[in-house]
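Written below as structure tokens is the structure these notes are about.
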Number of protein chains: 2
Amino acid sequence: MSVRIDATDRKILIELQRDASQSLDEIARQVGSSKTPVWNRIRKMREAGVIGRQTVELDAQALGFEACFFVLIRTSEHEADWQAAFLRALKERPEVQEAHRLAGDIDYILKVRVKNARAYDAFYQALISEVRVYNVTALLSMEEIKSTGALPLEA
Amino acid sequence: MSVRIDATDRKILIELQRDASQSLDEIARQVGSSKTPVWNRIRKMREAGVIGRQTVELDAQALGFEACFFVLIRTSEHEADWQAAFLRALKERPEVQEAHRLAGDIDYILKVRVKNARAYDAFYQALISEVRVYNVTALLSMEEIKSTGALPLEA
DNA sequence: ACTGAAATCTCGCGATG
DNA sequence: CATCGCGAGATTTCAGT
């Protein structure tokens, strides 16, 4: 399952993260190697799941997603079947971009991306009708200062 | 600046989000069109900034990023130069994956991805030494239930 | 594990209906 | 606006070292 990632692998990952549309030749040049070994390393990391999907970043505003909420959830229920239902609900809903189970006072945090406040309310009503939650706080984003999925890899 | 995005454009974006490594022919087939028009639409959306960078999703765990914090920040300072310094600090630090300015009680939320709790503390100390903040709450993620940058585009 | 090169496929664009 | 086709260049495979 696990793979040894060496310095060259890390350089390749940095380049792929920066721009996955680069050609193998370009990447090879940047990491100081040549095409074939780079290709083999990429293939191995893909197989190992270190490298996942290849996607494009889209401009949320331009596509009409004007509202972004962070939702802090407290629940009194901690039984296995409640949790399973909750997780299923989160995974099914495409407007949930992130969901984390937390340590401490607050149990879950979600990042929810919707077209507008009404769409958020619809999401919220649907969620609380599916699963019981004790307390919900929604934080409305006014400005997306920074947004990157990139990991802070160092050479 | 703004572009009209029609149903075909949206289908193209859905496919690119799903898998950006697909060939033009494949995408064309999936959206019910052919190579050239799809290519022209993609080019236009790229120029308009609707389509941004092309990246790969990496497995944070496999690369040793074991800790993820959501940081809620309250500040008493709301002057322009303080804000400028704060934003600069956030943009410079690669461990800050997301930063949003919020409406209401809490002023900012950050998502910070680091190798371990010690690395978070180093980040925290560096941040508060650069800019004055009134109150900071860190929420530690125990489990990443879901994580996608994908927008919930509908066909 | 790297190199070099061959076979195959895709891109990007122009010509054409 | 869609289809076809082509040449440059990329991807992927495979031998040799």
Side-chain angles (χ1 to χ4, degrees), chain A residues 1-59 62-64 148-151 153-155, chain B residues 1-64 148-151 153-155:
Chain A
M1 213 78 227
S2 171
V3 218
R4 214 179 60 77
I5 306 285
D6 68 10
T8 304
D9 290 325
R10 235 168 303 125
K11 280 193 221 161
I12 292 170
L13 293 175
I14 288 170
E15 285 306 316
L16 284 177
Q17 247 191 176
R18 206 175 53 70
D19 179 5
S21 72
Q22 285 173 102
S23 75
L24 275 179
D25 281 320
E26 273 174 293
I27 295 169
R29 199 170 40 75
Q30 304 235 280
V31 306
S33 181
S34 61
K35 245 172 18 167
T36 312
V38 169
W39 190 82
N40 281 318
R41 284 161 183 271
I42 290 175
R43 193 176 44 74
K44 248 174 237 151
M45 290 193 282
R46 246 191 248 289
E47 278 164 17
V50 176
I51 298 175
R53 290 189 316 145
Q54 188 163 335
T55 55
V56 291
E57 288 179 4
L58 302 181
D59 180 341
L63 294 165
T148 174
L151 297 174
L153 292 166
E154 294 151 47
Chain B
M1 208 85 224
S2 168
V3 218
R4 217 179 62 76
I5 306 285
D6 68 11
T8 304
D9 290 325
R10 236 170 300 128
K11 280 193 222 162
I12 293 170
L13 293 175
I14 289 170
E15 284 306 315
L16 284 177
Q17 247 190 178
R18 205 175 54 73
D19 179 4
S21 73
Q22 285 173 100
S23 74
L24 277 180
D25 282 321
E26 272 174 295
I27 295 169
R29 200 172 39 74
Q30 302 232 272
V31 306
S33 181
S34 62
K35 232 173 35 160
T36 311
V38 169
W39 189 80
N40 281 318
R41 284 162 181 273
I42 290 175
R43 194 176 43 71
K44 248 174 238 154
M45 289 193 282
R46 246 192 248 288
E47 279 164 16
V50 176
I51 298 175
R53 291 189 317 145
Q54 190 162 334
T55 56
V56 292
E57 288 179 4
L58 302 181
D59 182 341
Q61 309 284 13
L63 295 165
T148 174
L151 297 174
L153 291 166
E154 294 151 46

Whole-Å distance, Asp9(A) CG to dC2(C) P, equals 10 Å
In whole angstroms, the gap separating P of dC11(C) from CG of Asn40(B) amounts to 14 Å
Examine dC2(C): is either OP1 or OP2 under 4.0 Å from a nitrogen or oxygen in the side chain of Arg41(A)? Give yes or no. yes
Whole-Å distance, Leu16(B) CG to dC11(C) P, equals 11 Å
Between Lys35(A) and Lys44(A), whichever has its closest DNA chain C nucleotide further toward 5' is Lys44(A)
Rounded to whole Å, CZ of Arg43(A) lies from C1' of dC2(C) at a distance of 15 Å
On a heavy-atom basis, the closest approach of Arg10(B) and Ile5(B) is NH2-O, 3.6 Å
Notebook entry, point to check: Would you call Arg4(A)-Asp9(A) a salt bridge at under 4.0 Å N-O?
Noted result: no
Notebook entry, point to check: Can you tell me if the side-chain N/O atoms of Ser34(A) get under 4.0 Å from OP1 or OP2 in dT3(C)?
Noted result: yes
Rounded to whole Å, CD1 of Ile27(B) lies from C1' of dT10(C) at a distance of 12 Å
Against the side chain of Leu24(B), the closest entry in dG4(C), dC11(C), dA2(D) is dC11(C)
* Lys11(B) bridged to Glu15(B) by N-O distance under 4.0 Å -> no
From CG of Asp25(B) across to P of dA2(D) the rounded distance in Å is 15 Å
Separation of dC9(C) atom P from Gln22(B) atom CD, nearest Å, is 18 Å
- Ignoring hydrogens and angles, answer whether the base of dG4(C) and the side-chain atoms of Thr36(A) contain a donor-acceptor pair closer than 3.5 Å. yes
Donor-acceptor check, side chain of Gln17(B) to backbone of Leu151(B), threshold 3.5 angstrom: yes or no? yes
request  = Tell me what Trp39(A) touches on the nucleic acid: a base, only sugar-phosphate, or nothing, going by heavy atoms under 4.0 Å.
outcome  = base
